[in-house]
Amino acid sequence: MADTLKRMVGPKQLESSTTTQYTVPGATTTVIRHIHLSNPTASDVTVTASIGADGAGTRFFDAYVIPARSVFGYPCNIVMTSTEILAMHAGTATALVALVDGIEVT
């Protein structure tokens, strides 16, 4: 087994429709360790994030508000299995910048 520290997403501006941001490679387990979101705009913006196809039952952020001109750090240990996806979107296109890092275990 090998553990690889990896940046899975970004830094990138999030779209306003749900988009796959990361897919766990085959024969791999991923642990998301930190999600960093920046809102440099003058307005509050929401973020929605899910593991798997977006829906009420898969979201771990559901229209969570990121205040204007702020950053949000979410330390976590979200385990994802082979071929699972991380999907995210912002309430306003290109308003939020996302950075996600973690560990891939093969």
Side-chain angles (χ1 to χ4, degrees):
M1 291 179 76
D3 294 355
T4 304
L5 295 172
K6 183 171 182 174
R7 182 175 356 146
M8 284 103 173
V9 178
K12 69 167 288 197
Q13 293 176 311
L14 293 178
E15 299 83 354
S16 62
S17 60
T18 302
T19 306
T20 297
Q21 303 297 328
Y22 172 76
T23 302
V24 179
T28 303
T29 299
T30 293
V31 180
I32 296 174
R33 298 299 310 265
H34 192 260
I35 298 170
H36 177 91
L37 299 166
S38 172
N39 178 2
T41 72
S43 301
D44 294 353
V45 179
T46 61
V47 64
T48 299
S50 59
I51 301 296
D54 182 46
T58 61
R59 292 177 182 156
F60 58 93
F61 294 136
D62 193 352
Y64 186 81
V65 176
I66 307 300
R69 295 185 183 93
S70 70
V71 295
F72 172 74
Y74 182 68
C76 55
N77 283 301
I78 300 172
V79 178
M80 299 173 64
T81 59
S82 178
T83 71
E84 279 192 308
I85 65 168
L86 169 64
M88 300 174 80
H89 72 270
T92 303
T94 70
L96 295 180
V97 177
L99 182 65
V100 179
D101 62 48
I103 302 168
E104 287 183 343
V105 180
T106 55

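Count residues from 1 along the sequence.
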### Message
Hydrophobic clustering (ILVMFWY, side-chain heavy atoms < 4.5 Å, transitive) - are Met80 and Tyr74 grouped together?
### Response
yes

### Task
Determine whether Thr30 and Met8 make a side-chain contact, defined as any pair of heavy atoms from C-beta on separated by less than 4.5 Å.
yes

### Query
Side chain of Asp54, backbone of Thr58: donor and acceptor closer than 3.5 Å?
no

### Task
Report yes if some heavy atom in the side chain of Lys6 is under 4.5 Å from a heavy atom in the side chain of Asp101; otherwise report no.
no

### Task
Drop me the distance from Asp62's CG to Ser50's OG, to the nearest 0.5 angstrom.
9.5 Å

### Query
Does the side chain of Ser82 come within less than 4.5 Å of Thr28's, by heavy atoms?
no

## Note on the structure
Closest non-hydrogen contact found for Pro11 with Val97 is CB-CG1, 4.0 Å

## Note on the structure
Rounding to 0.5 Å, atoms CG (Asp3) and OG1 (Thr106) come to a distance of 7.5 Å

### Query
Does a donor on one side chain sit under 3.5 Å from an acceptor on the other, for Asn39 and Arg69?
no

### Query
Tell me, which pairs form a side chain to side chain donor-acceptor pair (under 3.5 Å) where one or both residues lie in residues 88-99, sequence neighbours left out?
Thr18-His89

#### Entry: Shared hydrophobic cluster for Ile78 and Val9 (ILVMFWY, side-chain gaps under 4.5 Å)
yes

### Query
Are Thr46 and Ile66 close enough that some pair of their side-chain heavy atoms sits under 4.5 Å apart?
no

### Query
Which pair of non-hydrogen atoms, one from Pro40 and one from Ala95, has the smallest distance, and what is that distance?
CD-O, 3.3 Å

### Task
Spell out, as yes or no, whether a donor-acceptor pair under 3.5 Å connects the side chain of Ser43 to the backbone of Thr41.
no

#### Entry: Test item: Leu37 and Met88 side chains (from C-beta on) under 4.5 Å apart, heavy atoms
yes

### Query
Ile103 and Arg33: side chain to side chain contact (heavy atoms under 4.5 Å, CB included), yes or no, with the steps?
CA-CA 7 Å; Ile103 302 168; Arg33 298 299 310 265; 3.9 Å; yes

### Message
Quick one, Ile32 with Val100, criterion side chain to side chain contact (heavy atoms under 4.5 Å, CB included). Give me CA distance, side-chain angles, the key distance, then yes/no.
### Response
CA-CA 7 Å; Ile32 296 174; Val100 179; 3.7 Å; yes

### Side chain Thr29, main chain Val105, donor-acceptor under 3.5 Å
no

### Message
Would you say Phe60 ends up clustered with Leu99 if hydrophobic residues are merged whenever their side chains have heavy atoms under 4.5 Å apart, either directly or through other cluster members?
### Response
no

## Note on the structure
Of all heavy-atom pairs linking Val24 and Thr81, the shortest is CB-O, 3.4 Å

### Task
Could you tell me how the ring of Phe61 sits relative to the ring of Phe72: parallel (under 30°), tilted (30 to 60°) or perpendicular (over 60°)?
perpendicular

### Query
Is there a donor-acceptor pair under 3.5 Å between the side chain of Thr48 and the backbone N or O of Ala63?
yes

### Check: Thr20 and Tyr22 side chains under 4.5 Å, non-hydrogen atoms
no

### Task
Please list all pairs passing the ring-ring contact (aromatic ring centres under 6.0 Å, His included) test where one or both residues lie in residues 24-57, with sequence neighbours left out.
none

